[in-house]
Amino acid sequence: MATSVFHRPLGTAQPHQHFQNSGFRHEFGHASVKLTFKGFKVETGLSRRGGYSSCKRKFGVIQASASHTSVVQPVSYPPNNSTDELRKKSSEAALILIRHGESLWNEKNLFTGCVDVPLTKKGVEEAIEAGKRISNIPVDMIYTSALIRAQMTAMLAMTQHRRKKVPIILHNESEQAREWSQIFSEDTKKQSIPVVTAWQLNERMYGELQGLNKQETADRFGKEKVHEWRRSYDIPPPNGESLEMCAERAVAYFKDHIEPQLLSGKNVMIAAHGNSLRSIIMYLDKLTSQEVINLELSTGIPMLYIFKGGKFIRRGSPAGPTEAGVYAYTRSLALYRQKLDDMLH
């Protein structure tokens with residue numbers, strides 16, 4: 001059964017900070033894989049358009065060792081930073097995307113953006129239902145935005161997972177936070193899933209619309225103008241972000257931090273927001289700017305992708321834990337579910 005162990009925290013990226021000798025170990029039966037990150041460096045800064053520049057990273061070698069057979073083959077980044085060769089060698093991995101459940105401001109029909117608002121009772125129920133839909137799909141790492149509604153969705157969804165691992169948010173905002181959040185039981189670490197929070201996955205910042213009622217805003221500025229702010233690709237609301245600006249930071253973070261985990265064979269779940277997830281889906285499905293503005297994501301409905309051979313294959317939304325067909329999309333997922341059945345029954 002796949003488990004994840006994280007030794008020193010590797011979580012929210014801080015500007016101009018190095019993480020030495022951090023890593024994760026991936027275990028499956030007698031095999032173990034340790035991901036070692038050396039000289040991890042992230043630089044962030046404001047771009048000319050008011051968004052944020054993409055993060056730069058330097059990853060060390062992903063090391064593998066096994067008493068019998070290794071799940072993930074040893075891989076390293078080519079010297080020219082190209083990942084083409086690595087993509088071809090990558091093993092299969094699952095990618096789950098979940099838009100957070102209904103928030104209190106969704107319920108009140110208010111522009112939320114980057115205001116940190118929690119879930120409603122309905123949102124909690126949506127998150128739990130999402131968890132049931134993915135309860136047989138392996139999850140090794142979780143990424144969420146820095147906003148509570150996305151974090152609540154991820155945590156509540158994982159309460160339904162049959163493996164019963166505990167999602168634990170990693171704190172790297174200070175040395176004290178890292179020291180105080182250490183886990184000293186190896187057995188407990190093996191039953192935990194690291195959760196990385198990143199502001200780059202936050203919802204699009206709606207500027208001066210945040211907190212305003214959507215209907216009243218349409219009455220004030222005109223329905224066509226508000227529709228343009230909400231649904232155009234490159235036109236931001238007053239002092240806010242356009243979808244294009246949101247995509248710059250969200251896709252850059254996905255490519256720099258999440259895709260390397262998938263390349264190494266890690267199964268990843270992302271709990272985020274309508275616009276940050278639309279941006280990532282635009283990248284995964286190679287959508288045009290016109291196609292992405294018509295993309296709608298329902299709250300609390302997970303979407304499954306399979307990453308194999310350097311390609312993302314969309315599988316839609318898992319239908320639920322009682323329907324075995326959804327887990328037969330690939331042989332690996334079918335085998336994982338069978339191992340869960342054997343262990344838990």
Side-chain angles (χ1 to χ4, degrees), residues 1-2 4 26 71-72 87 90-101 126-145 150 153-163 165 167 193 195-196 201 250-251 254-255 257-274 276-287 291-292 295-341:
M1 187 50 51
S4 297
H26 184 85
V71 178
V72 181
R87 285 173 180 272
S90 63
S91 58
E92 180 181 293
L95 172 64
I96 303 166
L97 308 179
I98 304 178
R99 182 187 175 192
H100 65 80
E126 288 177 333
I128 292 172
E129 179 60 30
K132 293 177 180 178
R133 290 175 180 245
I134 63 169
S135 63
N136 290 305
I137 299 177
V139 177
D140 299 313
M141 290 192 67
I142 298 172
Y143 288 84
T144 79
S145 74
T153 299
M155 297 300 194
L156 290 167
M158 290 309 297
T159 65
Q160 303 302 304
H161 202 278
R162 294 176 68 195
R163 192 63 183 87
K165 288 187 180 181
I193 299 178
V195 181
V196 180
L201 299 176
V251 174
F254 181 88
K255 292 166 71 174
H257 298 276
I258 300 175
E259 198 164 348
Q261 301 297 338
L262 295 165
L263 284 166
S264 71
K266 291 280 188 178
N267 302 292
V268 176
M269 181 175 83
I270 304 174
H273 308 266
S276 55
L277 289 177
R278 287 166 71 203
S279 301
I280 291 171
I281 291 171
M282 181 183 181
Y283 167 69
L284 300 179
D285 291 348
K286 297 179 172 58
L287 303 180
E291 289 171 331
V292 74
L295 179 64
E296 294 287 346
L297 300 179
S298 299
T299 55
I301 303 296
M303 181 173 287
L304 174 66
Y305 284 81
I306 300 299
F307 182 72
K308 187 174 183 179
K311 296 181 179 180
F312 290 96
I313 306 167
R314 181 158 46 117
R315 296 299 188 182
S317 179
T322 60
E323 297 189 25
V326 72
Y327 303 105
Y329 286 133
T330 69
R331 184 170 179 270
S332 294
L333 287 184
L335 289 174
Y336 181 84
R337 187 186 184 189
Q338 184 59 55
K339 287 181 179 293
L340 278 178
D341 291 340

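Just the heavy atoms: all of them, side chains too, but no hydrogens, waters or symmetry mates, feed the values below. Worth saying up front: this structure is predicted, and the values here are computed from it rather than measured.
- When all heavy atoms of P167 and M155 are compared, the pair lying nearest together is CG-SD, 3.4 Å.
- No side-chain heavy atom of V196 sits under 4.5 Å from any side-chain heavy atom of I142.
- Residues L277 and I98 fail the side-chain proximity criterion, which asks for heavy atoms closer than 4.5 Å.
- Minimum heavy-atom separation, L156 to A127: CB-CB, 3.8 Å.
- Heavy atoms only, all atoms of each residue included: E291 and L287 are closest at OE1-CA, 3.3 Å.
- Here the straight-line distance linking atom NE2 of H257 with atom OH of Y143 works out to 8.0 Å at 0.5 Å rounding.
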Inset, instruction - Kindly indicate, with the supporting measurements, whether the criterion side-chain contact (heavy atoms from CB on, under 4.5 Å) is fulfilled by T153 and T144. - result: CA-CA 9 Å; T153 299; T144 79; over 6 Å; no
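- Side-chain contact between F312 and E259: present, with at least one pair of heavy atoms (C-beta onward) separated by less than 4.5 Å.
- In this structure, L201 and A250 approach most closely via the heavy-atom pair CD2-O, 4.5 Å.
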Inset, instruction - Check the pair I96 / I137 against side-chain contact (heavy atoms from CB on, under 4.5 Å), numbers first and verdict last. - result: CA-CA 9 Å; I96 303 166; I137 299 177; 3.7 Å; yes
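- In this structure, CG in L304 is found 9.5 Å from CD1 in I134, a value given to the nearest 0.5 Å.
- K132 NZ to Q160 CD: the interatomic distance, rounded to the nearest 0.5 Å, is 5.5 Å.
- In this structure, F254 and L262 have side chains that are in contact, with non-hydrogen atoms separated by less than 4.5 Å.
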Inset, instruction - Run the numbers on L263 and F307 for side-chain contact (heavy atoms from CB on, under 4.5 Å), then give the verdict. - result: CA-CA 8 Å; L263 284 166; F307 182 72; 3.6 Å; yes
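- R314 is listed as a side-chain neighbour of M303, based on a closest heavy-atom distance under 4.5 Å.
- Looking at H273 and S145, their side chains come closer than 4.5 Å, going by heavy atoms from C-beta outward.
- When all heavy atoms of I258 and V268 are compared, the pair lying nearest together is CG2-CG1, 3.9 Å.
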Inset, instruction - Before giving the answer on side-chain contact (heavy atoms from CB on, under 4.5 Å), spell out for M269 and M158 the whole-Å C-alpha distance, their side-chain angles and the decisive distance to 0.1 Å. - result: CA-CA 10 Å; M269 181 175 83; M158 290 309 297; 4.1 Å; yes
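- Between I306 and R315 the shortest side-chain heavy-atom distance falls below 4.5 Å.
- Here the shortest heavy-atom pairing between A93 and K266 reads CB-O, 3.2 Å.
- A donor-acceptor pair under 3.5 Å is absent between the side-chain atoms of N267 and the main chain of D140, judged by distance alone.
- At distances below 3.5 Å, at least one donor-acceptor pair connects side-chain atoms of R99 with backbone N or O atoms of L297.
- Side chain to side chain, T299 and E126 meet the donor-acceptor criterion of an N or O pair below 3.5 Å.
- The shortest distance between side-chain heavy atoms of L95 and I270 falls below 4.5 Å.
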